[in-house]
Amino acid sequence: MTRSSCPLCNSEIFFEYLDFGYAAVMKCKYCALMFSKDVGSAEEVINGYRTGFHSERHKKGQSINALISYKLLSQLPPQYGLSSTDRLLEVGSGYGYFLSEVERLSDSRVGIEPSNVERAFSQNLNCQVEHYSALDEVAGATFDFVFSSEVIEHVVEPRLFLEQVKSCVRPGGRVVLVTDNFESHIASAMTKHFPKWIPHSHVCHFSKSTLHRLTVECGLEVLCEFDFTPFDALILYWRWRLGLSPNTANTQEYRDTEFARGFKFYSIRKFLNALMFSIFGLGEKGRGSLIGIVALRR
């Protein structure tokens with residue numbers, strides 16, 4: 001379907017921000033959210049993730065991201081972070097690596113993952129964890145802490161998604177959202193070559209201000225905001241600056257090989273990403289390639 005209004009503010013006034021040939025990204029003139037013009041319906045998108053979203057590349061990438069996410073939680077202010085008594089829900093739990101990492105931090109863990117293949121892998125990895133395929137299967141305000149990393153950019157209706165997340169959180173519980181920052185220094189410099197556009201898959205493209213707006217308008221109280229840039233993002237940026245990257249990112253060819261590409265130097269990248277995060281940690285200026293927000297349900 002072709003969007004006729006902004007998925008954040010419903011404004012019908014927007015303009016073409018980037019054209020990738022096979023897909024265009026629009027930018028709302030009112031709230032500045034960027035979003036893919038042509039998307040599947042919510043049902044079509046979720047069915048695509050159920051049956052077709054899994055690969056060795058994604059598995060290794062999620063393993064690295066899970067380690068960073070675990071370190072991220074340890075750097076949050078103690079009053080906002082995860083405690084052993086918290087009932088934890090991860091939305092977009094994938095292959096289950098984050099749920100495995102936080103086993104020592106939480107006695108009660110639940111994962112939501114639509115991909116049948118990824119959820120089955122996580123069930124084998126985390127035998128003590130409850131697994132579900134959709135948020136409506138865990139309806140009821142029973143969770144103390146909800147964590148969702150690099151999910152909301154895939155969602156056709158982000159406001160509805162966050163309202164569903166909020167409904168799972170008890171009063172006094174926290175929600176942590178992490179997503180790509182499409183107004184980061186790297187994204188602004190690389191424009192179309194920023195590898196996280198992926199406009200057929202990442203259909204809502206947030207910045208610090210638009211993520212903040214969505215959170216507040218869904219009735220959550222913002223406790224803190226943060227940003228960071230992974231080692232992998234820096235390497236991609238400098239390869240591009242030095243002219244060492246092929247100009248195929250986000251082309252139709254790039255899209256068609258998304259699930260077939262390898263993941264080079266996995267062990268080294270995992271070590272260096274973790275090391276860099278341990279050294280530099282979280283920032284607060286909103287210019288990192290990833291942004292996050294911690295919010296409270298009153």
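Count residues from 1 along the sequence.
- Taken together through direct or relayed side-chain contacts under 4.5 Å among Ile, Leu, Val, Met, Phe, Trp and Tyr, Phe265 and Phe263 form parts of separate hydrophobic clusters.
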Side chain to side chain donor-acceptor pair (under 3.5 Å) between His212 and Glu225, worked out: CA-CA 8 Å; His212 182 103; Glu225 297 169 274; 3.2 Å; yes
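- Considering NE2 of His202 and OG1 of Thr179, their distance stands at 7.5 Å, rounded to 0.5 Å.
- For Asp38 and Thr2, the side-chain atoms include at least one donor-acceptor pair closer than 3.5 Å.
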From CA spacing to verdict: salt bridge (Lys or Arg N to Asp or Glu O under 4.0 Å), Asp227, Lys208: CA-CA 9 Å; Asp227 67 278; Lys208 180 180 179 181; over 6 Å; no
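- The local environment of CD1 in Ile13 is sparse, with at most 12 non-hydrogen atoms from other residues, nucleotides or ligands closer than 6.0 Å.
- At least one donor-acceptor pair under 3.5 Å links the side chain of Arg3 to the backbone N or O of Ser36.
- You'll find the side chain of Arg298 reaches within 4.5 Å of the side chain of Glu221, heavy atoms only.
- Looking only at distances, a side-chain donor or acceptor of Arg174 sits under 3.5 Å from a matching main-chain atom of Gly81.
- Atom CD of Glu284 has 12 or fewer heavy atoms from other residues, nucleotides or ligands within 6.0 Å.
- At distances below 3.5 Å, not a single donor-acceptor pair connects side-chain atoms of Lys37 with backbone N or O atoms of Ala23.
- Side-chain contact between Leu67 and Asn273 is absent, with no heavy atoms from C-beta onward closer than 4.5 Å.
- Contact between Ser184 and Arg287 at its shortest, heavy atoms only, is CB-O, 3.3 Å.
- By the rule that hydrophobic residues join a cluster once side-chain heavy atoms approach within less than 4.5 Å of another member, Val178 and Val175 end up as members of separate clusters.
- No donor-acceptor pair under 3.5 Å is formed between the side chain of Asp144 and the backbone N or O of Arg170.
- The backbone N or O of Glu43 lies less than 3.5 Å from a partner atom in the side chain of Asn47, making a donor-acceptor pair.
- Linking ILVMFWY residues whenever their side-chain heavy atoms come closer than 4.5 Å, directly or via other members, places Phe280 and Phe271 in the same cluster.
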Derivation and outcome, side chain to side chain donor-acceptor pair (under 3.5 Å), residues Ser63 and Tyr266: CA-CA 10 Å; Ser63 173; Tyr266 164 68; 2.8 Å; yes
ring-ring contact (aromatic ring centres under 6.0 Å, His included) between Phe277 and Phe228, worked out: CA-CA 8 Å; Phe277 190 89; Phe228 60 98; 5.3 Å; yes
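- Met190 is not connected to Ile291 by any chain of hydrophobic side-chain contacts under 4.5 Å among Ile, Leu, Val, Met, Phe, Trp and Tyr, and they are in different clusters.
- Under a 3.5 Å cut-off, the side chain of Ser55 and the backbone N or O of His58 do form a donor-acceptor pair.
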Working for side-chain contact (heavy atoms from CB on, under 4.5 Å), residues Ser11 and Cys31: CA-CA 8 Å; Ser11 169; Cys31 73; over 6 Å; no
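- Of the possible polar contacts, one joining the Ser106 side chain to the Ser108 backbone as a donor-acceptor pair under 3.5 Å is found.
- A 4.5 Å side-chain heavy-atom check between Leu88 and Val110 finds every atom pair outside the cut-off.
- The side-chain heavy atoms of Val155 and Val203, taken from C-beta on, include no pair separated by under 4.5 Å.
- Taking the six-membered ring wherever Trp is involved, the centroid distance between the rings of Phe98 and Phe147 falls below 6.0 Å.
- Between Ile46 atom CD1 and Ser133 atom OG the span is 8.0 Å, to the nearest 0.5 Å.
- The aromatic ring centroids of His205 and Trp197 lie less than 6.0 Å from each other.
- What you find for Leu8 and Arg213 is that their closest heavy atoms are CD2-CD, 4.1 Å.
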Step-by-step salt bridge (Lys or Arg N to Asp or Glu O under 4.0 Å) determination, Glu150 to Lys196: CA-CA 10 Å; Glu150 298 192 65; Lys196 289 303 192 78; 3.0 Å; yes
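- Under the 6.0 Å cut-off for aromatic ring centres, Phe14 and Phe35 qualify, their centroids lying closer than that.
- The pair Glu217-Arg159 meets the salt-bridge criterion, since a charged nitrogen lies less than 4.0 angstrom from a carboxylate oxygen.
- Contact detail for Arg109 and Leu99: the closest heavy-atom pair is NH1-O, 2.6 Å.
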Pair Leu234-Ile186, side-chain contact (heavy atoms from CB on, under 4.5 Å): steps then yes or no: CA-CA 8 Å; Leu234 280 179; Ile186 291 177; 4.2 Å; yes
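- Relative to the ring axis of Tyr70, Arg104 places its NZ or CZ within 45° and under 6.0 Å from the centre.
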Glu56/Arg261 under salt bridge (Lys or Arg N to Asp or Glu O under 4.0 Å): CA gap, chis, key distance, verdict: CA-CA 9 Å; Glu56 191 65 23; Arg261 294 194 303 273; over 6 Å; no
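- Within the model, atoms CD of Gln123 and OG of Ser93 stand 9.0 Å from one another, a figure rounded to the nearest 0.5 Å.
- Looking at His54, its side chain never comes within 3.5 Å of a backbone N or O of Gly52 through a donor-acceptor pair.
- In this structure, Asn126 CG and Gln128 CD are separated by 9.5 Å, a value rounded to the nearest 0.5 Å.
- Using modelled atom types, one side-chain atom of Ser74 and one backbone atom of Lys71 make a donor-acceptor pair closer than 3.5 Å.
- Between Val176 and Val146 the shortest side-chain heavy-atom distance does not fall below 4.5 Å.
- Annotation for Tyr95 and Leu125: closest pair O-CD2, 3.8 Å, computed over non-hydrogen atoms.
- A distance of 10.0 Å separates CG of Leu236 from CZ of Phe231, quoted to the nearest 0.5 Å.
- Atom CZ in Phe53 sits 5.0 Å away from atom OG in Ser201 (nearest 0.5 Å).
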From CA spacing to verdict: side-chain contact (heavy atoms from CB on, under 4.5 Å), Cys168, Leu135: CA-CA 8 Å; Cys168 298; Leu135 275 166; 3.9 Å; yes
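- With hydrophobic clusters built from ILVMFWY side chains whose heavy atoms lie under 4.5 angstrom apart, Tyr30 does not share a cluster with Phe15.
- Taking the six-membered ring for Trp and the full ring otherwise, the centers of Phe20 and His200 sit at least 6.0 Å from each other.
- Of the possible polar contacts, none joining the Ser148 side chain to the Val151 backbone as a donor-acceptor pair under 3.5 Å is found.
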Pair Glu163-Ser167, side chain to side chain donor-acceptor pair (under 3.5 Å): steps then yes or no: CA-CA 6 Å; Glu163 291 285 0; Ser167 72; over 6 Å; no
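- Comment: Glu12 does not engage Lys29 in a salt bridge, judged by the lack of any side-chain N to carboxylate O separation of less than 4.0 angstrom.
- Listed here is the closest heavy atom pair of Arg297 and Ala141: NH1-CB, 3.7 Å.
- Side chains of Ser122 and Tyr97: no donor on one and acceptor on the other come within 3.5 Å.
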Worked verdict on Phe182 versus Thr210 for side-chain contact (heavy atoms from CB on, under 4.5 Å): CA-CA 10 Å; Phe182 292 92; Thr210 52; over 6 Å; no
